**Q** 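This is the structure I want to talk about, given as structure tokens.
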Amino acid sequence: MSAFTLSLPFQTPHQQQNPINKNHSFRSPPKPPSSNQKPTSDSPSYSSWIEQLRSHTRSGNFHEAISVYIDMTTAGLRPNNFAFPAVLKAVTEIQDFNLGEQVHGVVVKLGYDASSVTVANTLLNMYGKCGGLNDVLKVFDKITERDKVSWNTFIASLCRLEEWELALDMFRRMQFDKVEPNSFTLVSMSLACSNLENRHGVMLGKQVHAYSLKIGDTMSFTNNSLMSMYAKLGRIQDSVSLFEMFPGKNIISWNTMISSLSQQDLFQEAMAVFKLMILEEMKPDGVTISSVLPACSHLELLHHGKQIHAYAIRNNNLIENSYVSSALIDMYCNCREITIARKVFDRLVNRSLANWNAMLAGYTQNGFYDSALVLFFKMMEFSGLSANPTTMASVIPASVHCESFHDKEGMHGFIVKMGFSKDGYVQNALIDLYSRIGKINISRNIFDRLEIKDTVSWNTMITGYVVCGFHEHALDLLHKMNQRDETHDQNLEKVTCKPNSITLMTVLPGCAALAALAKGKEIHSYAIRNLLATDVAVGSALTDMYAKCGCLNFARKVFDEMPVRNVITWNVMFMAYGMHGKGDVAMSLFNRMVAEINPNEVSFISLFAACSHSGMVDEGLELFHKMKDKYGVDPTEDHYGCVVDLLGRAGRLAEAHELITKMPPRFKKLGAWSSLLGACWIHQNVDLGEIAARNLLEFESDVASHYVLLSNIYSAAGFWKKATEVRKTMIKNGVKKEPGCSWIEFDDEVHKFMAGDFSHPQSEKIHGFLEKLLERLKQEGYVPDTSCVLHDVNEDEKESLLCGHSERLAIAFGLINMPPGVTIRVAKNLRVCNDCHSAIKFISKVVGREIVVRDVRRFHCFKDGNCSCGDYW
DNA sequence: ATAGGGTTAG
């Protein structure tokens, strides 16, 4: 609506031309009252103008009412204390703040703001609904004879402007001025209290409640507001008591109760109240439906949800209610019935933004990222609606995970353009976006500049570091999150963000990757103290962490004590036993598992790996042959890869090769070929190794490990020239070998060592230590095996290169710094080479220490000159 | 006086 200026014709009565801008758009042009003569204030038709104005407002024709008002003033008539309330009400309803201000001007000129309480009160109401705080205060100040309505309107306006504290102050001043609060006042007060900080809100809320009892207020809306207030302040029990004791329950009481329970995540209870409502023959309306559906959604009560859907269609076509349809879509999506959700969506006649958003969220949350993006672009083009921050909170993750969508950073541009950059959800989603495209610094930048960091912000940032492999930073940030929590004002419960179960399961894989046992234990104790350890996901992550830190016993203990286990929990345990070379235990656990719960694809991958590392070829093959018929899991290309590894590692290379050739054609064979190549290196088979490498390099000429394995196979067989050639091709193709890297946790820090690396502060000491150690090893009978050294150098040099292998540096560091008797735990990013394996066996004997080395595939526990893997790995 | 759709995880 265009703004226009209204000058005051009565200020200079002789001036007859009127500068009203007639562009104001009205539905129907106003008709002046019957006579052609201009009415004057004392002519009989004056009252008919006023009456017309009032009747338009009364019957809801606000635009017409305003028209009459304008014509009236154009004609030089003064509005009176009947005209002003009518026009102000109309202005308020259509939210035309500009016109409101102009009418205000007229009111002031004519002195009604001080002389008529009714006019002043409607003015107050107008500013409360479409103005600002200053206007409200100014108008209220002017009223000399404040009545109860003035106070109530004033307080209600303050609430609408979210000035909760001020509203409460005014409640006190009202009583001080000897004006008795009534139901209207108490409704506003309940609303104000429910928006205060928790403890404070409850305290004042109880006073409001007591006040209502004192004045014997039994109005249903007072009771309903008090219920709502208690619920929002987390005092659901008080809310329920009010509900139960109140004799005058109406539909709104029921709805309030159901929605309050839903909002407090008390879904079972919400369902129970809903059922009671039906029993008491109270007819649910749209609000009821949209309050109870979230409960069905969270409890995944698809059946109930469908019944409610049917009810909504039968009764009054409640499905047309946008709240109802959004809740339905959400319910179906949460029950993973995306197709039904989409049908509901497609059949809607008018789609609200909430409908689109619910559908988009449903797609994203169920992993249908492409569908989410397609729908989003459709919405942008055809719906006539524009996205809001909620839309983008679903679209950003969809764009991040959608592989065929490339312009991920473009989303950020769009966000900025739309002005959504300061929305918390959007910012968190952007942090995730940048970390997943490897631009972790941008993530951190956004994170650092967040005005409010909630738990999700911290979790997302920590996950980002884990995703990018910066595990130390992840642990650092967890530490900071905790610090922040400790120093936080206990009164501000709403803004605290303690680590939750998601935080822990995000950061535990970081500990596992770093083999940071001490840190992992610290997190474990934190989980116990904060009652998070019983969470399935946390328990599974703890089990995994202990297993990957080499503490199989701890892993098993956590596993045994978990109150609930899911597929992932079991899979983690299989993997754990597999990495420790205990395939037999994994298999017997599997038999226990299938009595309780169905295995999935990952279960079989873990089990094959376990069998493979334990030489249990036949057990593994048997499982492979019956996984589909007995357990209903179709083998995938990954399973084939595992079985090729199983056969190959055991030296059954021909069978492994045959299995690859028999793979169903829909499968990619790369994984299987690379398993075979690895096996050819172990068993020194040049012919098959060449075949495998050829098949791999045709598609993956940029993977260093293929070149390295082939070249190692050649050198081990003495084909030095061929080995060198492979290495040259690799360099020519610009492929860089991933540098070997090992690490060890010491003194609350993870120390990293690269192969041939001299950057560590203790580097000199370590190398000196290793030189002396080498002499002692040789005395014990250690003979260096240089076959896996790629470089074509003389034997002496090779030996010193071997000494530089990163695992040896890490072990030496541990031996120098850690007290005797403490097990040395080292992790490595590549496989331990033959020579290091045999050297570490000797080291464990010479220094009398247990040494645990975890490489990419499994654990090696060295003790008294032996290794737990029995040289089979 | 009552109602909605969103971000993080294995």
Side-chain angles (χ1 to χ4, degrees), chain A residues 183-184 186-188 190-191 194 219-229 231 250-260 262-263 284-294 297 318 321-331 333 345 352-362 364-365 387-398 400 420 423-433 435-436 454-464 466-467 497 500-509 512 535-541 543-544 566-569 571-572 602:
Chain A
S183 305
F184 288 100
L186 296 182
V187 167
S188 296
S190 309
L191 183 65
S194 62
M219 299 298 283
S220 62
F221 52 80
T222 313
N223 196 67
N224 293 340
S225 319
L226 287 168
M227 275 172 62
S228 171
M229 172 198 75
N250 57 11
I251 180 104
I252 293 171
S253 320
W254 285 95
N255 291 348
T256 306
M257 195 68 261
I258 294 172
S259 65
S260 300
S262 256
Q263 280 161 6
D285 66 1
V287 179
T288 322
I289 302 294
S290 55
S291 306
V292 77
L293 276 173
S297 170
L318 289 176
N321 178 328
S322 136
Y323 285 83
V324 170
S325 48
S326 300
L328 267 176
I329 293 169
D330 175 71
M331 184 276 295
C333 289
F345 177 83
S352 70
L353 185 57
N355 293 143
W356 288 92
N357 288 350
M359 197 64 236
L360 286 168
T364 297
Q365 285 160 0
N388 70 0
T390 304
T391 319
M392 299 320 291
S394 297
V395 172
I396 298 169
V400 170
F420 299 156
D423 181 275
Y425 284 87
V426 168
Q427 287 170 319
N428 289 343
L430 284 174
I431 293 174
D432 187 55
L433 182 145
S435 73
R436 285 183 196 278
D454 62 8
T455 309
V456 176
S457 318
W458 288 89
N459 289 352
T460 310
M461 195 61 230
I462 291 173
T463 309
V466 174
V467 165
C497 45
N500 61 10
S501 61
I502 293 179
T503 323
L504 301 192
M505 47 191 296
T506 310
V507 82
L508 279 169
D535 185 284
V536 215
V538 172
S540 309
T543 308
D544 187 51
N566 63 18
V567 204
I568 295 169
T569 323
N571 294 349
V572 161
V602 180

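The structure displayed is predicted, hence computed values, not measured ones.
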**Q** Hey, is the side chain of A:Gln365 poking within less than 4.0 Å of OP1 or OP2 on B:dG6, counting only N and O atoms?
**A** yes
**Q** Could you please name the option among B:dG4, B:dA1, B:dG5 that lies closest to any side-chain atom of A:Asn388?
**A** B:dG5
**Q** Nearest to the A:Ala358 side chain among B:dT7, B:dA3, B:dG5, which nucleotide is it?
**A** B:dG5
**Q** Return the nearest nucleotide to the side chain of A:Ile568; candidates are B:dG10, B:dA3, B:dG5.
**A** B:dG10
**Q** Could you tell me whether A:Ser501 contacts a base, only the sugar-phosphate backbone, or nothing, with contacts defined as non-hydrogen atoms closer than 4.0 Å?
**A** nothing
**Q** Less than 5.5 Å between centroids and less than 30° between ring planes, does A:Tyr323 satisfy that with B:dA3?
**A** yes
**Q** Heavy atoms from C-beta onward define the side chain here; which of B:dG5, B:dG6, B:dA1 lies closest to that of A:Ser394?
**A** B:dG6
**Q** The side chain of A:Tyr425 lies closest to which of these nucleotides: B:dA1, B:dG6, B:dA3?
**A** B:dG6
**Q** Would you classify A:Asn321 as touching base, sugar-phosphate or nothing, given that sugar-phosphate means primed atoms plus P, OP1 and OP2, and contacts are heavy atoms under 4.0 Å?
**A** base
**Q** Does the B:dG5 base have a donor-acceptor partner in the side chain of A:Ser352 within less than 3.5 Å?
**A** no
**Q** Can you tell which of B:dA3, B:dT7, B:dG5 lies closest to the side chain of A:Ser259?
**A** B:dA3
**Q** Using only side-chain N and O atoms of A:Gln263, determine if any of them is under 4.0 Å from OP1 or OP2 of B:dT2.
**A** no
**Q** State which of B:dG6, B:dT8, B:dT2 makes the closest approach to the side chain of A:Asn255.
**A** B:dT2
**Q** Base, sugar-phosphate alone, or nothing: which one does A:Asp535 contact when heavy atoms must sit under 4.0 Å apart?
**A** nothing
**Q** Classify the side chain of A:Ser291 versus the base of B:dA3 as yes if they form a donor-acceptor pair under 3.5 Å and no if they do not.
**A** no
**Q** Once hydrogens and angles are ignored, does a donor-acceptor distance under 3.5 Å link the base of B:dG6 to the side chain of A:Asp423?
**A** yes
**Q** Should the side chain of A:Ser326 and the base of B:dG4 be counted as holding a donor-acceptor pair, with the cut-off at 3.5 Å?
**A** yes
**Q** Can you tell me whether the side chain of A:Thr391 and the base of B:dG5 have a donor-acceptor pair closer than 3.5 Å?
**A** no
**Q** Students often get this wrong, so: under 4.0 angstrom with heavy atoms, is A:Pro294 touching a base, only sugar-phosphate, or nothing?
**A** nothing
**Q** So A:Leu353, base contact, sugar-phosphate only, or nothing? Heavy-atom distance under 4.0 Å.
**A** base
**Q** Answer with base, sugar-phosphate or nothing: what part of the nucleic acid does A:Thr460 contact at a heavy-atom distance below 4.0 Å?
**A** sugar-phosphate
